[in-house]
Amino acid sequence: MKIVVAIKQVPSRDSQLKINAAGKWIEDADLSYEINEPDAYALESALQLREKASGEVVVICAGPAGASQTIREALAKGADRAIHVETDAFEVSDPLALGRIMAKALEAEQPDLVMTGLQSDDLGYGQTGVILAEVMGLPHATLIMSMELDGNTLTVKRELEDGWFQNVEIPLPALLTIQSGATKLRYATLMGIKKAKTKEVKKLPAAELAVSAAQVIHLDRIYMPGKTKKSVVFDGPAKESAAKLVEKLRFEVRVI
Amino acid sequence: MSGILAVLEQRGGVLHKMALEALAAAQQLGSELDLPVCATVLGGGGDALAGYKLDKVLVVENELLNEYTPDGYTLALKQLIAAQAPSFVLFPHTYQVRDFAPKLATAMGRVLVSDVIGHRVDNGTLVLVRQLFQGKINADIRFEGEPPYFASVQAGAFRADKLVAGSAPVEKFSVELSAAQIRTKPKELFRESQRAVDLTAADIIVSVGRGIKEADNIHIVQKLADAFGGELAASRPICDNGWLPMERQVGSSGQTVAPKMYVAVGISGAIQHLVGMKGSKTIVAINKDPEAPIFEVADYGIVGDLFEVVPALIEELNKAKG
């Protein structure tokens, strides 16, 4: 079985973000990056499924040259090979354009299953997987917690709201978006890191895959959100802040 | 019609709680942009909409839509949108909408602007606000090219209590669907376990997030909850790691709470968590990052290391209680 996992590289979760001078994106020169966390769970699910069903796990990542770090990590964890769609951040800010580019890059692969995280920690559209499924003509299911393969059919457990779940049968080939946290992530072994250096990374410039289509949404600007509430914030020494807060809670909020 | 179409959600004929907010969004945008407003709901529940001020309610009935499937909903709505030709199609940003609306938009060559938290009308053009980087940054987005334009609105972005009542004509719309077009087979809904903890009944909730770093540290926040006389809760990563049971999770995939006081300890405040607690009467945040989005909704906050702040707070609370 051939499983493709779409992964993305995003700024580390604890990054202090600053808006760039143009107000269109963040200052990204000094940031450190990591794999988008939901995609790490998608990769883990794919590796677990390969252990049961055998076959191949191919990662695809659209991003700048620096994304090769995240691709190498995925290979070190056990992916067999990778496709790096080389593009800068702006080209990938429209999820439909990205979906079309990725579908084109995957044309020759004919995967049995495509997996990706439910959303990205940066743009957070939560749509790439579903768009990719539609462009590739595949059935899909989102927010998947676990899966069982039976012949050519997967039974997947979907998360719904308010603690509800639903099992769904989906025929292969198909696309799944994976919910975070449903399984434990593995670490790369030393052997894995060594092996990763010899694994194939196919580089495809996005410009060569670009599907001509007019832009349908436009990002005007990005900015720090204004406060919706007037908050009283203490930032002094812990003991002092604690005393001030307790006083407010006693005499203003009267919850103590 | 070149108006606004609100696509709502129901289960067992009962509208989803966020559906009414999406309907309020449609009414509000309708009056700001001077456009007629229609609403539709698939698989039943359309009669509940007839009591609102709308140009019409479109009821789409087909036995293949009784159960939700992304294929069925996409094929049906594509036909409805092609026939009605609305300029804007609005959805509540529910899990179900996240499952099919990007597919529908893609099938029509459009992009869904998902998770909208605000809007403004700029010289007659709609500008939508959505969050990036887990709520740390906002973005203004405009539609380009030809309609229809698709958007989904996050919980709390529009207020259901601003809905305008009225009397709307109900019209049936039939769609062409065949069973062979629906590729996935949904099974029964289920819950994992009975909930022993009802967080919605608590007056005070003390909630813990990623900032706690490891399972062995949870007891620090439990002590704070005890000192407040409140219930302990958590954000999703804590429950995913198994550090606290799922029944203590607050957020879009857990419980929605509105206690008298909600104390968020080491929780950055991603939108999925905020939608589960922002109705709380008083919100207190403790976080080391002054830019954490949780401070945007907090009434009171302490910027500092929770491992110093929480013990200090417990000591002060015990002092105050004498």
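Chain letters run A, B, ... following the sequence lines, proteins first and then strands; every chain starts at 1.
- Side chains of Tyr95(B) and Leu118(A) form no contact here, defined as non-hydrogen atoms less than 4.5 Å apart.
- Of the listed residues (Ala270(B), Gly109(B), Ser268(B), Gly135(B)), the one with the most heavy-atom contacts under 4.5 Å to chain A is Gly109(B).
- In terms of heavy-atom pairs under 4.5 Å with chain A, the best-connected choice from Leu128(B), Thr106(B), Ile286(B), Ile314(B) is Thr106(B).
- Contact annotation for Ser252(B): only backbone heavy atoms (N, CA, C, O) come within less than 4.5 Å of a heavy atom of chain A.
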Open item on the list: Test side chain to side chain contact (heavy atoms under 4.5 Å, CB included) on Val129(B) and Tyr223(A); report intermediate values, then the result.
Closed with: CA-CA 10 Å; Val129(B) 182; Tyr223(A) 50 97; 3.5 Å; yes

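- Val309(B) is not listed as a side-chain neighbour of Ser241(A), based on a closest heavy-atom distance of 4.5 Å or more.
- Contact of Leu112(B) with chain A is made through backbone and side chain together, with heavy-atom distances under 4.5 Å.
- Heavy-atom pairs under 4.5 Å with chain A peak, among Gly145(B), Ala298(B), Gly304(B), Pro293(B), at Ala298(B).
- If you tally non-hydrogen atom pairs under 4.5 Å between each of Ile131(A), Val156(A), Thr153(A), Thr177(A) and chain B, the highest count goes to Ile131(A).
- Side-chain contact check for Pro70(B) versus His140(A): some heavy-atom pair is nearer than 4.5 Å.
- Counting heavy-atom pairs closer than 4.5 Å to chain A, the top residue among Thr94(B), Thr256(B), Asp240(B), Val284(B) is Asp240(B).
- For CD of Glu146(B), the number of neighbouring non-hydrogen atoms (other residues, nucleotides, ligands) closer than 6.0 Å is 12 at most.
- For Gln131(B), the part lying near chain A is the backbone, with the side chain staying farther off; criterion is any non-hydrogen pair under 4.5 Å.
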TODO: Could you please spell out the steps behind the side chain to side chain contact (heavy atoms under 4.5 Å, CB included) verdict for Ile137(B) and Met224(A)?
DONE: CA-CA 5 Å; Ile137(B) 288 177; Met224(A) 293 296 175; 4.1 Å; yes

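- With hydrogens and angles disregarded, a donor-acceptor distance shorter than 3.5 Å links the side chain of Arg130(B) to the backbone of Leu123(A).
- For chain A, no part of Val310(B) is nearby; none of its heavy atoms comes within less than 4.5 Å.
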Task: Residues Val111(B), Asp94(A); criterion side chain to side chain contact (heavy atoms under 4.5 Å, CB included); working and verdict - done: CA-CA 8 Å; Val111(B) 171; Asp94(A) 173 344; 3.4 Å; yes

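- Side-chain contact between Asp99(B) and Arg158(A) is present, with at least one heavy-atom pair separated by less than 4.5 Å.
- The two residues Ala238(A) and Ala312(B) make their nearest non-hydrogen contact at O-CB, 4.0 Å.
- Top candidate by heavy-atom pairs under 4.5 Å with chain A, chosen from Ile141(B), Leu132(B), Asp299(B), is Asp299(B).
- For the set Pro139(A), Ser120(A), Gly124(A), Gly23(A), the entry with the most heavy-atom pairs within less than 4.5 Å of chain B is Pro139(A).
- Under a cut-off of 6.0 angstrom, the local environment of CD in Gln181(B) is crowded, with over 12 non-hydrogen atoms contributed by other residues, nucleotides or ligands.
- The interface of residues 249-256 of chain A with chain B, defined by heavy-atom distances below 4.5 Å, comprises Leu249(A), Arg250(A), Glu252(A), Val253(A), Val255(A), Ile256(A).
- With a 4.5 Å cut-off on non-hydrogen atoms, Ala243(A) touches chain B through its backbone and its side chain both.
- Contact annotation for Phe150(B): neither backbone nor side-chain heavy atoms come within less than 4.5 Å of a heavy atom of chain A.
- Using a 4.5 Å cut-off between heavy atoms, Leu219(A) contacts chain B through both its backbone and its side chain.
- Residue Leu17(A) touches chain B through its side chain alone, counting heavy-atom pairs closer than 4.5 Å.
- In this structure, chain A has a heavy atom under 4.5 Å from the backbone of Glu188(B), while its side chain stays farther away.
- Under the 4.0 Å criterion applied to side-chain N and carboxylate O atoms, Arg236(B) and Glu159(A) are assigned as salt-bridge partners.
- For a residue to count as touching a neighbouring chain, one of its non-hydrogen atoms must lie under 4.5 Å from one of that chain's; by this rule Ile26(A) touches chain B with the side chain only.
- Residue Leu138(A) touches chain B through its backbone alone, counting heavy-atom pairs closer than 4.5 Å.
- Lys185(B) is not listed as a side-chain neighbour of Val168(A), based on a closest heavy-atom distance of 4.5 Å or more.
- Ranked by heavy-atom pairs under 4.5 Å with chain B, the first of Gln16(A), Arg13(A), Glu247(A), Gln215(A) is Arg13(A).
- Between Phe133(B) and Pro11(A), the shortest heavy-atom distance links the atoms CE2-CG, 3.7 Å.
- By number of non-hydrogen pairs under 4.5 angstrom with chain B, the leading residue of His218(A), Lys248(A), Glu240(A), Glu37(A) is His218(A).
- With a 4.5 Å cut-off on side-chain heavy atoms, Tyr300(B) and Lys244(A) do not count as touching.
- Of the inter-residue distances, the one linking Asp14(A) atom CG with Lys288(B) atom NZ reads 6.0 Å to the nearest 0.5 angstrom.
- The interface of residues 178-187 of chain A with chain B, defined by heavy-atom distances below 4.5 Å, comprises Gln179(A), Ser180(A), Gly181(A).
- The two atoms that bring Lys136(B) and Pro225(A) nearest to each other are O-CD, 3.2 Å, heavy atoms only.
- Interface remark: of the candidates Ile271(B), Asp140(B), Ile283(B), Asp140(B) forms the most heavy-atom pairs closer than 4.5 Å to chain A.
- Side-chain atoms of Arg183(B) do not come within 3.5 Å of backbone N or O of Ala174(A) as any donor-acceptor pair.
- Residue with the most contacts toward chain B among Val130(A), Leu143(A), Asp122(A), Ile19(A): Asp122(A) (heavy-atom pairs, distance under 4.5 Å).
- A 4.5 Å side-chain heavy-atom check between Glu161(A) and Lys17(B) finds every atom pair outside the cut-off.
- Phe228(B) touches chain A through its side chain: at least one heavy atom from C-beta onward sits under 4.5 Å away, while N, CA, C and O do not.
- Here the CD atom belonging to Gln119(A) is positioned 9.0 Å from the OG atom belonging to Ser114(B), to the nearest 0.5 angstrom.
- Contact annotation for Ser15(A): only backbone heavy atoms (N, CA, C, O) come within less than 4.5 Å of a heavy atom of chain B.
- Residue contact with chain B, scored on non-hydrogen atoms closer than 4.5 Å, is absent for Pro237(A).
- In this structure, the portion of Leu245(A) lying under 4.5 Å from any heavy atom of chain B is its side chain and not its backbone.
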TODO: Go through Glu316(B) and Lys239(A) one step at a time and tell me if the side chain to side chain contact (heavy atoms under 4.5 Å, CB included) criterion holds.
DONE: CA-CA 8 Å; Glu316(B) 290 297 328; Lys239(A) 206 175 150 42; 3.4 Å; yes

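- To the nearest 0.5 Å, the span separating CZ on Arg11(B) from CG on Leu160(A) amounts to 6.0 Å.
- Contact of the Leu313(B) side chain with the Val246(A) side chain is registered, since non-hydrogen atoms from C-beta on lie closer than 4.5 Å.
- Here the straight-line distance linking atom CD1 of Ile217(A) with atom CZ of Arg142(B) works out to 11.5 Å at 0.5 Å rounding.
- The residues Glu134(A) and Lys78(B) are annotated as not salt-bridged, no charged nitrogen and carboxylate oxygen being separated by less than 4.0 angstrom.
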